[in-house]
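I have placed the structure first, in the form of structure tokens, so that the comments after it can refer back to it.
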Amino acid sequence: MSALIIFMLLACLMLTGMPISISLGLTVLTFLFTMTTVPIESVAMKLFTGIEKFEIMAIPFFILAGNFLTHGGVAKRMIRFASALVGHFTGGLALAGIVACGLFAAVSGSSPATVVAIGSILLPAMVKRGYPMKFGVGVIGTSGSLGILIPPSIVMVIYAVSTNASIGKLFIAGIIPGALLMFLLMLVTWLVAKKRNYPRLPRASFAIVVQTFRESIWGLLLIVVVIGGIYSGMFTPTEAAAMSAVYAFVVSVFIYRDMTLKDVPRTLLSSANMSSMILYIITNAVLFSFLLTSEQVPQQLTAWITGMGLGKIGFLIMVNLLLLAAGNFMEPSSILLITAPLLFPMAMHLGIDEIHLGVLMTVNMEIGMITPPVGLNLYVASGISHLGLTETTKACAPWIFVMLLYLILITYVPAISLWLPNLLF
Amino acid sequence: MLKFLDHLEEWLVASLIGAATLIIFLSVLHRYASGLPIPVVQDWLLTINMSWTQELCIYMFIWMAKFGAAYGVRTGIHVGVDVFINSLLEKTRAKFVVIGLSGGALFTAIVGTLGFTFVWEVGMRYAVATAFGFNWPDLTSGPVSPDLEWPVWIFYLAIPLGSYLMCFRFLQVIRKFIRTGRLPQTDTSHVDGLADDFNFGDTPAAPAGIQGGKP
Amino acid sequence: EPIVIKFSHVVAVDTPKGQAAEYFKKLAEERTNGAVKIEVYPNSQLYKDKEEMEALQIGSVQMLAPSLAKFAPLGVKEFEVFDLPFIFDGYDDLHKVTLGPVGKKLLNKLEVKGILGLAYWDNGFKVMSANKPLKTPADFKGLKMRIQSSKILDAQMRVLGAIPQVMAFSEVYQALQTGVVDGTENPPSNLYTQKMFEVQKYVTVSNHGFLGYAVIVNKKFWEKIPVEIRTQLEGAMADATVFANSIAKQKNQEDLASVKASGKSEMIVLSEQERKVWKDVLVKVHTDMADRIGADLIQEVYQAIGVKK
Ligand code: NA
Ligand code: NA
């Protein structure tokens with residue numbers, strides 16, 4: 001009963017267009033003021049202690065690193081390298097865009113950041129070479145979502161924080177699904193390009209490949225810093241995030257010099273702005289799940305689902321449908337923070353691996369980012385391309401379809417996600 | 001005066017994220033250097049205590065988050081589900097926007113007050129009484145943080161201060177919206193200083209019989 | 001309407017502390033004929049490690065069983081005496097303090113914080129683990145050793161020449177596995193249940209330090225409970241304490257045996273002489289920390305367990 005009231009209240013508040021963090025907080029306050037005996041002061045405490053965890057601090061660090069990479073010339077050099085690699089195939093520039101998104105995803109933890117970094121450079125270039133804008137937007141908007149699947153990933157950090165799963169293991173688990181998705185997107189793009197006879201770049205000589213690789217090596221080395229650093233035991237995931245921020249700063253300002261020291265305060269400020277927004281949602285979501293716990297909602301839901309006799313397969317269908325629906329209206333961190341504490345106990349009850357669930361939820365979040373009406377990647381892609389949201393969505397549609405098929409694959413073949421982490425850990 | 005507050009807010013959050021990064025960087029370097037068996041240097045490094053860095057980093061980020069959230073109201077970065085209200089008539093939509101913003105102001109005002117009560121109870125009351133020699137009943141000093149051993153109420157102050165500032169920012173945005181009908185917005189899709197002609201080492205191919213999109 | 005006592009703790013139900021909490025709930029509810037209802041919240045469900053003390057002080061929960069290291073940040077540094085390495089030579093020494101007047105006196109110091117201490121619950125004596133054999137104090141030089149937040153444990157690792165690394169309990173397994181830290185100290189029950197022994201090549205049964213808890217309640221709340229009910233609850237707590245200590249001891253013995261049987265880490269048992277070398281190095285922490293903890297208190301503990309120093 002109380003679960004129903006809580007979620008109704010939340011839905012009503014969210015429909016007014018109020019920030020999600022505020023809707024969560026007001027729901028909790030209303031409920032606590034009127035219906036329970038929980039001392040209200042604990043609310044103030046939770047707003048502090050809710051993010052008093054070193055693991056969470058990986059988020060601002062990754063955001064800062066991502067901003068240095070976006071504005072510091074790393075993306076540019078990765079695109080050159082990617083074009084040298086695959087540019088000579090039909091639709092070469094589009095394929096290069098996907099590879100560049102994959103490379104950038106391996107150093108940045110965010111999907112919209114990946115779209116911005118690669119899209120702002122590649123989209124104008126594609127249009128100039130005769131690709132329809134819509135095609136470019138579809139390719140880059142979708143491939144940008146690799147940003148949260150290929151490690152590092154802010155979304156995975158959030159999942160790990162709300163379920164106590166291992167961040168390192170999740171990161172490793174994202175590698176194969178990420179590579180697989182990249183391959184699928186490239187395959188579909190190539191087929192479309194073939195059919196429509198899109199242009200190709202001249203084949204780059206081996207010398208050019210080597211040269212572009214050497215130019216982008218400083219950016220690519222960040223993969224070693226993050227994944228190598230965590231896996232070899234140099235750093236904890238949060239430390240790796242901080243190191244990557246320092247490294248990205250050095251590369252942007254002192255090696256590539258696409259950024260000057262004067263630009264640094266502005267980068268710090270915009271990173272702090274973005275991080276604070278996410279951390280504010282996290283604190284309020286922690287408050288919200290505290291309310292759910294003290295009202296025993298997760299236990300009731302688990303009992304209810306178990307009572308329905310839903311097996312693993314049925315449960316996973318339900319999870320996907322729920323997350324896809326939520327993905328239409330909310331952004332990933334809020335969805336994860338609200339649903340993970342509810343779905344996790346049920347999944348454990350049904351014997352689903354926590355790492356598999358994490359990858360599955362991440363893929364759902366990827367799709368949510370490219371589905372209207374609320375999709376960060378769509379917004380960013382439409383911002384770069386000046387296409388309207390509807391057109392941007394239509395442009396992404398074929399790739400969204402591919403991603404849905406891919407989601408089924410990830411859902412029912414856990415080995416894709418689990419093979420590598422189980423091998424390494 | 002307001003300009004000063006704006007700058008202070010921006011300066012504070014930017015320095016906090018920068019400093020926190022630097023601190024963790026140094027502590028990782030220190031940990032690695034201390035593990036290397038270099039005579040004398042190792043002994044010297046082992047005398048340096050860096051155990052407090054994680055705690056300080058966490059507290060700095062919490063301060064950044066609370067004041068950054070207030071800054072975020074000013075830059076319009078707090079996202080909501082605006083699909084429903086965007087489909088409404090402009091006048092009705094405006095009403096909902098004001099309701100949404102007022103919700104923010106209300107929440108932050110309540111939280112600021114609750115936060116202040118909490119800070120007062122967990123040590124500020126004691127600190128004030130000792131500082132000014134008040135003889136209040138039931139005086140108990142509050143806890144200190146485990147690593148730095150600073151009174152926690154000082155750290156917790158981020159909640160009331162940040163929330164009240166955020167409340168003030170919501171009120172500012174409401175006022176501006178009623179006057180001008182405009183909301184603050186952050187453009188996250190913009191990258192500065194991109195060269196217009198991106199060179200792939202080729203000459204642009206002619207459109208192969210396909211329509212080009214708008215630039 | 002029964003009196004509701006919310007008892008919150010941060011470990012799983014099947015740990016000694018978790019079981020003891022359930023046992024206390026059962027006894028208390030039986031003996032008060034339902035006049036008291038104990039709601040146990042395990043696994044940090046309501047409040048996390050860092051929140052529960054403040055939650056108790058403002059009355060959001062009524063009963064906790066935090067580890068003794070949590071009292072120093074609260075402002076009662078005297079409790080750090082329990083963290084001192086080699087202060088107790090075994091359970092007999094320990095119980096002379098926790099079940100005797102010195103322990104009682106320490107609990108009384110919590111009153112000014114609005115807290116009443118009801119009992120001490122044991123976890124056990126700690127072992128050291130690492131990926132290299134730790135036989136002598138010199139073996140610790142330059143090793144990164146995970147500790148929980150505590151000035152005493154920090155000093156202990158520094159005296160050994162190691163680099164103490166404060167780290168949340170939940171992160172330790174992976175940090176040991178990848179090598180972010182080289183080793184750690186734990187009672188055998190944690191070493192086994194958290195599977196840390198799988199990622200540590202050597203375990204030294206040093207029994208160098210003690211890990212324990214105190215059951216505490218909000219003072220205002222407790223004093224409002226009618227006297228006869230309170231007496232029944234105190235009786236239940238005394239019996240639960242006996243139960244808690246016996247299962248903790250048994251669990252640690254079993255888990256140490258399981259670690260050994262697993263063959264995943266080599267067990268090093270210190271001889272009397274080797275242990276004395278460790279002790280001679282580590283008692284330095286007692287003098288170094290005497291100013292923080294109180295030299296008098298340390299002397300009182302020495303006297304209670306019959307050591308002349
Ligand atoms: Na990534
Ligand atoms: Na969406």
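No hydrogens, no waters, no symmetry mates; every other heavy atom, side chains included, goes into these values.
- Taking every heavy atom of both residues into account, A/Leu279 and B/Met64 meet most closely at CD1-CE, 3.9 Å.
- Interface remark: of the candidates B/Ala158, B/Gly112, B/Ala70, B/Gly104, B/Gly104 forms the most heavy-atom pairs closer than 4.5 Å to chain A.
- If you take CE on A/Met18 and CG on B/Leu106, they are separated by 8.5 Å, rounding to the nearest 0.5 Å.
- What you find for A/Ser276 and B/Ala69 is that their closest heavy atoms are CB-N, 3.6 Å.
- With a 4.5 Å cut-off on side-chain heavy atoms, B/Ile58 and A/Ile51 do not count as touching.
- Ranked by heavy-atom pairs shorter than 4.5 Å toward chain A, the options B/Phe61, B/Phe96, B/Phe118, B/Phe116 are led by B/Phe61.
- Side-chain contact between A/Thr238 and B/Ile24: absent, with no pair of heavy atoms (C-beta onward) separated by less than 4.5 Å.
- Residue contact with chain B, scored on non-hydrogen atoms closer than 4.5 Å, involves the side chain of A/Leu64 exclusively.
- Interface check for chain B: of the options A/Thr16, A/Ile208, A/Asp263, A/Leu123, the most heavy-atom pairs under 4.5 Å are formed by A/Thr16.
- Residue A/Met243 touches chain B through its side chain alone, counting heavy-atom pairs closer than 4.5 Å.
- Using a 4.5 Å cut-off between heavy atoms, B/Val13 touches chain A through backbone and side chain atoms alike.
- Most heavy-atom pairs under 4.5 Å with chain B, from the set A/Gly17, A/Ala204, A/Ala241: that is A/Gly17.
- Rounding to the nearest 0.5 Å places OH of B/Tyr71 at 8.0 Å from OG of A/Ser270.
- Taken to the nearest 0.5 Å, the CD1 atom of B/Ile85 stands 9.5 Å off from the CG atom of A/Leu15.
- Residue A/Met126 does not touch chain B at all, counting heavy-atom pairs closer than 4.5 Å.
- Ring geometry, A/Phe48 versus B/Tyr156: the interplanar angle exceeds 60°, so the pair is classed perpendicular (tilted spans 30 to 60°).
- By number of non-hydrogen pairs under 4.5 angstrom with chain B, the leading residue of A/Ala96, A/Gly87, A/Pro19 is A/Pro19.
- The line from CG of A/Leu268 to CG of B/Leu16 is 10.5 Å long, rounded to the nearest 0.5 Å.
- Of all heavy-atom pairs between B/His78 and A/Ser21, the closest is ND1-OG, 4.2 Å.
- Only the side chain of B/Met166 comes within contact range of chain A, with heavy atoms under 4.5 Å apart.
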Inset, instruction - Kindly indicate, with the supporting measurements, whether the criterion side-chain contact (heavy atoms from CB on, under 4.5 Å) is fulfilled by A/Leu269 and B/Trp11. - result: CA-CA 8 Å; A/Leu269 185 61; B/Trp11 180 84; over 6 Å; no
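- What you find for B/Ile159 and A/Ala44 is that their closest heavy atoms are CD1-O, 3.0 Å.
- Judged by distance alone, with hydrogens and angles left aside, the side-chain atoms of A/Ser271 form no donor-acceptor pair with the main-chain N or O of B/Ile17 at under 3.5 Å.
- Across all non-hydrogen atoms, the minimal contact from B/Ala14 to A/Pro265 is CB-O, 4.3 Å.
- With a threshold of 4.5 angstrom between heavy atoms, A/Thr212 does not approach chain B through any atom at all.
- Taking both residues in full, the closest heavy atoms of B/Lys66 and A/Thr283 are given as NZ-CG2, 3.6 Å, listed atom of the first, atom of the second, then distance.
- Interface residue B/Thr21: backbone and side-chain heavy atoms are both found under 4.5 Å from chain A.
- Only the side chain of A/Asn284 comes within contact range of chain B, with at least one heavy atom under 4.5 Å from a heavy atom of that chain.
- Contact of A/Leu26 with chain B is made through backbone and side chain together, with heavy-atom distances under 4.5 Å.
- Using a 4.5 Å heavy-atom cutoff, the side chains of A/Leu47 and B/Val111 are in contact.
- B/Ile62 touches chain A through backbone and side chain together, each having a heavy atom under 4.5 Å away.
- If you measure heavy-atom distances from B/Thr108 to chain A, the contacts under 4.5 Å come from the side chain alone.
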Legend entry - Stepwise side-chain contact (heavy atoms from CB on, under 4.5 Å) test for A/Glu52 and B/Tyr59: CA-CA 7 Å; A/Glu52 197 180 356; B/Tyr59 289 150; 3.2 Å; yes
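- Between the side chain of B/Arg31 and the backbone N or O of A/Phe235 there is no donor-acceptor pair closer than 3.5 Å.
- Using a 4.5 Å cut-off on side-chain heavy atoms (C-beta onward), B/Cys57 and A/Phe61 make contact.
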